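A short write-up of the structure that comes next.
In what follows, chains are A, B, ... by sequence order, proteins preceding strands, each numbered from 1. All values reported here derive from a predicted model rather than from experimental measurement.
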There are 2 protein chains.
Amino acid sequence: MPDRTRLLLQLTVDLAILTAREDHLSVLVIERDNPPFRGQLALPGGFLRAGEDLHGAAVRELAEETGLDGGRLPLDQLGAYGQPDRDPRGPVVTVAYLAIAPDLPLPVAGSDARGARWMPVDALRGALAFDHNQILDEAVEAARSRLELTTLATAFCAETFTIGDLRHVYEVVWGVPLDPRNFSRKVVHTDGFVVATGDKRIPETGRPAALYRAGPARLLSPPLLRGGPDHG
Amino acid sequence: MPDRTRLLLQLTVDLAILTAREDHLSVLVIERDNPPFRGQLALPGGFLRAGEDLHGAAVRELAEETGLDGGRLPLDQLGAYGQPDRDPRGPVVTVAYLAIAPDLPLPVAGSDARGARWMPVDALRGALAFDHNQILDEAVEAARSRLELTTLATAFCAETFTIGDLRHVYEVVWGVPLDPRNFSRKVVHTDGFVVATGDKRIPETGRPAALYRAGPARLLSPPLLRGGPDHG
DNA sequence: ACAAAAGTGTTCCTTCTACACCCATGA
DNA sequence: TCATGGGTGTAGAAGGAACACTTTTGT
């Protein structure tokens, strides 16, 4: 006996899947092939199913849309978005998740994901459907903040990576240049951030760089300060 | 034409309303007088109504349950909780909000809020209904973290307060003693954290303390470090 | 030899911690 | 004059920023 004060609604999960490609912070978007907003770009996502928990739905959508294994990527909840008019179909609240992916080709070809592609976030100013522009803004800010406080940046990298790769992630996400020498020291001297594999990678030009993989630590204390040189 | 994959559900808003009372971090709880979990303690909250946005629902519930004006208190979203079996009545997802209140008597006497009262969070270990124990844990951790990074602590205080009042908030929420002299300097020298009123308050014993009110700043940079003395 | 990227050593400066010391009030 | 909380000064430690300099590769 639901009374007037208990609204029945549908719930979706939307994903802001970020990656660092070349010199741009990019996000995975799809082109919608159904109304509403048919033909427009949007974040991938989908409806919560019966018996499913929110994180599980996010993992499932990540797999469906990108072929990536959500169990192996950090998938953090950003929050719930519930403006009453955010979806013209009626009351639909969405829970947004932030995923950080290495720069991989998408093995997609999935159902809804035909039109999936990476787009630099700077090229999307205001172009997304629903309230996805706001969600993307908050996802980017959350990613920037998590880079300061956690070891999340390693999730942007392949399984093994150099300190230069990792620094490049920070530079792309923060949008500022960092001093390679100080950065290297801070990362290597922070317990559990990275562990050396013992191997080296020879670049096109220059001295070989030691390879690392992600360490067990999840929190950085002290944090890695953003703003770099003389930001005052 | 909703298909099987689009679950219809109800959505609630739950509030973790924290305050610093004497030497305990306390939270507002109600005693449920309807099933499920009748007679058990729970966080205040209620169902989202048609046409209402999530933050608006949180403000309304805060007013209904406590008489406090949610528009004047910082009300931050913690996240959505959607385990499929979290509510025995069926699929109900909740969005949790964190509110920080000054230590005020509750002008309640509202409908559902008859049994509303402050309880020290330490006295509630595992005692709450639904998944509210988890929500409370995450609310406390979020409050601790926000004290480091934001000026939120002023929301725990009355309109005017002394630096000692503010320090007491930090000590209660973090559970560690702080050096009064260094704390005073950090707060006063951080632009926009507090502004002096020019008045003084005479304590029961001791030198009068300058009174302040909350300043315009919302973010603390650099953060106020937790852990206090020799925490390494 | 040169270019380019990796990595080390060192100096300067800011900030935090700890604590000695002074201030203003009531009992 | 003593107890109590408010507030200033300051020395030492810790860590970041800046940058000179060395290492190791390909061309």
Can you tell me which nucleotide in dG6(D), dC19(C), dG16(D) comes closest to the side chain of K186(A)? dG16(D)
Spell out yes or no: do the side chain of R207(A) and the base of dA6(C) have one donor N/O and one acceptor N/O closer than 3.5 Å? yes
Spacing of L166(B) atom CG relative to dG6(D) atom C1', expressed in whole Å: 15 Å
The reported gap from CG in L25(A) to CH2 in W174(A) (rounded to nearest 0.5 angstrom) is 13.5 Å
Rounding to an integer number of Å, can you tell me how far H189(A) NE2 sits from dG16(D) C1'? 14 Å
By nearest atom, which of the nucleotides dA4(C), dT17(C), dC19(D) is closest to the N182(B) side chain? dT17(C)
Value in whole Å for how far the C1' atom of dA6(C) lies from CG of L211(A): 12 Å
So what does P208(B) hit on the nucleic acid, given a heavy-atom distance under 4.0 Å: a base, only sugar-phosphate, or nothing? sugar-phosphate
Nucleotide dT14(C), atom P - distance to CG of L225(B) in whole Å: 18 Å
Does H132(B) use its side chain to pair, donor to acceptor, with the backbone of L43(B) at less than 3.5 Å? yes
Has the side chain of R185(A) got a donor or acceptor that lies under 3.5 Å from a partner of the other kind on the base of dG9(C)? yes
Side-chain atoms of R181(A) come closest, of dC21(D), dC16(C), dG7(D), to dC21(D)
Select base, sugar-phosphate, or nothing to describe what R167(A) touches, counting heavy atoms under 4.0 Å on all strands. sugar-phosphate
T162(B): side-chain hydrogen bond (donor to acceptor under 3.5 Å, both in side chains) partners, not counting sequence neighbours: D165(B)
Quick one: are Y212(A) and V188(A) in side-chain contact, heavy atoms under 4.5 Å? yes
Separation of atom CG in L178(A) from atom P in dA6(C), rounded to whole Å: 13 Å
Spacing of L224(A) atom CG relative to dG16(D) atom P, expressed in whole Å: 8 Å
In whole Å, I'd like the distance from the CG atom of D179(A) to the C1' atom of dC19(D). 8 Å
Expressed in angstrom and rounded to an integer, what is the separation of L220(A) atom CG from dG16(D) atom P? 11 Å
Considering heavy-atom distances to DNA chain D, does G206(B) or K200(A) have its closest nucleotide positioned more toward the 5' end? G206(B)
Within a strict 4.5 Å, meaning less than it, do heavy atoms of the L98(B) and R146(B) side chains meet? yes
I202(A), nearest nucleotide to its side chain (from dG26(D), dG6(D), dA18(D)): dG26(D)
